[in-house]
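In what follows, every heavy atom counts, from backbone to side chain, and hydrogens, waters and symmetry copies are set aside. In what follows, chains are A, B, ... by sequence order, proteins preceding strands, each numbered from 1.
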Amino acid sequence: MIRDARVLHAQFVPDELEHRNAEINTLSNTLKPIMDGHSGNPSLLLGPSGAGKTCIARFTVERLRENVLDINTQYINCWQDYARFQVLYRLLETIGTTVDIHRRSTPTDELLDRLRQYDGPPFVVILDEVDQLEDNGVLYDLYQLPQITMILITNRERDLFTQLDDRLTSRLHPSVRISFEKYHLDELVSILAARARWGLVDDVIESAEFELIADAAAGDARIAIGILRHAARLAEQTDTQRITTDVVQQAIPEGRQDVRQKTIEQLTTHQRVLYDIVHEHGELDPSTLYAAYRDRVDEPKTNRTVRNYLAKMEHYRLIHAEGDNRARTYRPR
DNA sequence: CATCCACGGGAATCAGCGGTAG
DNA sequence: CTACCGCTGATTCCCGTGGATG
């Protein structure tokens with residue numbers, strides 16, 4: 001059934017893209033100065049999730065790399081690498097100067113110094129989910145490095161700009177903005193058809209099923225591809241020769257929940273207990289939460305550790321924290 | 001104003017892992 | 001092969017900060 005599983009993951013970047021030509025062109029144009037050895041302006045890709053921002057960014061940069069003899073590129077997902085140190089570290093990794101850097105002993109400023117000394121080819125940096133950065137200062141750091149061209153991706157522009165301080169806002173405001181809309185139904189169908197063509201055995205799914213998936217995905221290509229992947233797996237497991245409407249129906253909930261499900265699975269037992277408590281209570285204050293947690297586990301972690309867990313879970317958007325200091329409450333997402 | 005409660009940064013400590021000297 | 005060393009990530013301890021409360 002499945003011929004090439006890589007293709008069935010949303011982060012796979014195809015060799016050719018059927019839609020989003022306008023967006024690709026705009027992005028290419030802002031990157032053009034690089035071809036003449038200048039650094040490009042930062043660009044800002046905006047739009048709902050699953051609208052193709054990440055895919056287009058990677059695609060365009062890859063194509064640029066084919067056209068320019070020598071550039072460095074790095075993709076960073078700020079959801080995973082949200083600290084200033086982590087971002088700088090990744091960049092140094094690409095240019096290969098991390099050898100003697102030890103996470104413990106090397107101060108962040110030294111990483112920045114090393115980046116300043118960088119005098120290699122143009123360096124294009126994709127920062128995905130920028131609004132997740134805990135310290136926006138790193139944007140300022142990068143902005144000041146002449147060889148670096150930034151592509152910023154976010155689905156919530158407002159969140160991003162309220163976090164920025166003035167010097168950054170004024171720097172980034174003139175940057176090129178490219179807005180993405182949700183995919184139309186027929187666009188999703190053709191995206192799915194392409195993935196099926198590359199990733200699945202021939203003739204196992206028909207257009208009615210594509211449309212069903214596209215409809216359930218509501219414009220989000222990531223979800224659509226997730227559903228397709230689950231459906232293919234289900235069909236394989238149950239030894240069905242085709243991806244039928246039935247199979248698709250079963251795959252829809254999992255496909256939708258995919259991202260969240262994966263992060264929940266990554267939680268430790270202690271974190272999972274906290275998650276469950278919050279979701280059972282609906283809304284509660286820190287002390288009741290901690291008390292409930294103590295009751296439920298054998299060897300409870302300290303209050304401080306629990307706070308770390310909660311912070312992390314909020315970061316992954318599994319729970320929602322509201323209010324400062326004593327007004328703090330936690331509730332499910 | 002003193003006290004309470006929670007937050008989150010930083011230092012100290014612990015436990016697991018891999019490499020290495022003997 | 002084993003004992004030891006250094007590194008790392010997780011946890012805990014300690015503490016300053018700040019808004020709420022009485």
Q. From C:dA20, C:dT12, B:dG8, pick the nucleotide closest to the side chain of A:Arg326?
A.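 Closest nucleotide among those given: C:dA20.
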Rounding to an integer number of Å, can you tell me how far [X] [atom1] sits from [N] [atom2]?
X        : N      : atom1 : atom2 : answer
A:Glu322 : C:dG19 : CD    : P     : 18 Å
A:Gln266 : C:dA10 : CD    : P     : 12 Å
A:Met313 : B:dG8  : CE    : C1'   : 18 Å
A:Tyr309 : B:dC7  : OH    : P     : 16 Å

**Q.** Lys/Arg cation over aromatic A:Tyr183: A:Arg20, 6.0 Å, 45° cone
**A.**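 Here A:Arg20 passes the 6.0 Å and 45° test against A:Tyr183.
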Q: Take A:Leu139 and A:Met150, measure what side chain to side chain contact (heavy atoms under 4.5 Å, CB included) needs, and give me the verdict at the end.
A: CA-CA 9 Å; A:Leu139 295 180; A:Met150 294 190 281; 4.2 Å; yes
Q: Report the relative orientation of the aromatic rings in A:Tyr309 and A:His270; use parallel for angles under 30°, tilted for 30 to 60°, perpendicular for over 60°.
A: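 Tilted, since the angle between the ring planes falls between 30° and 60°.
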Q | Note: A:Glu314-A:Arg331 ion pair, threshold 4.0 Å (strictly below) | A |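 Answer for the salt bridge query: no.
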(Q) Looking only at the side chains, is there a donor atom on one of A:Tyr118 and A:Arg116 sitting less than 3.5 Å from an acceptor on the other? (A)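 Their side chains do not contain a donor-acceptor pair, so the 3.5 Å distance test is not met.
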Q. Going only through I, L, V, M, F, W and Y residues with side-chain contacts under 4.5 Å, is there a path from A:Ile191 to A:Trp198?
A.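 Unlinked, A:Ile191 and A:Trp198 end up in two clusters.
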Q | Those residues of residues 275-307 of chain A lying under 4.0 Å from DNA chain B by at least one heavy atom | A |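 Residues of residues 275-307 of chain A that come under 4.0 Å of DNA chain B are, in numerical order, A:Pro286, A:Ser287, A:Arg304, A:Arg307.
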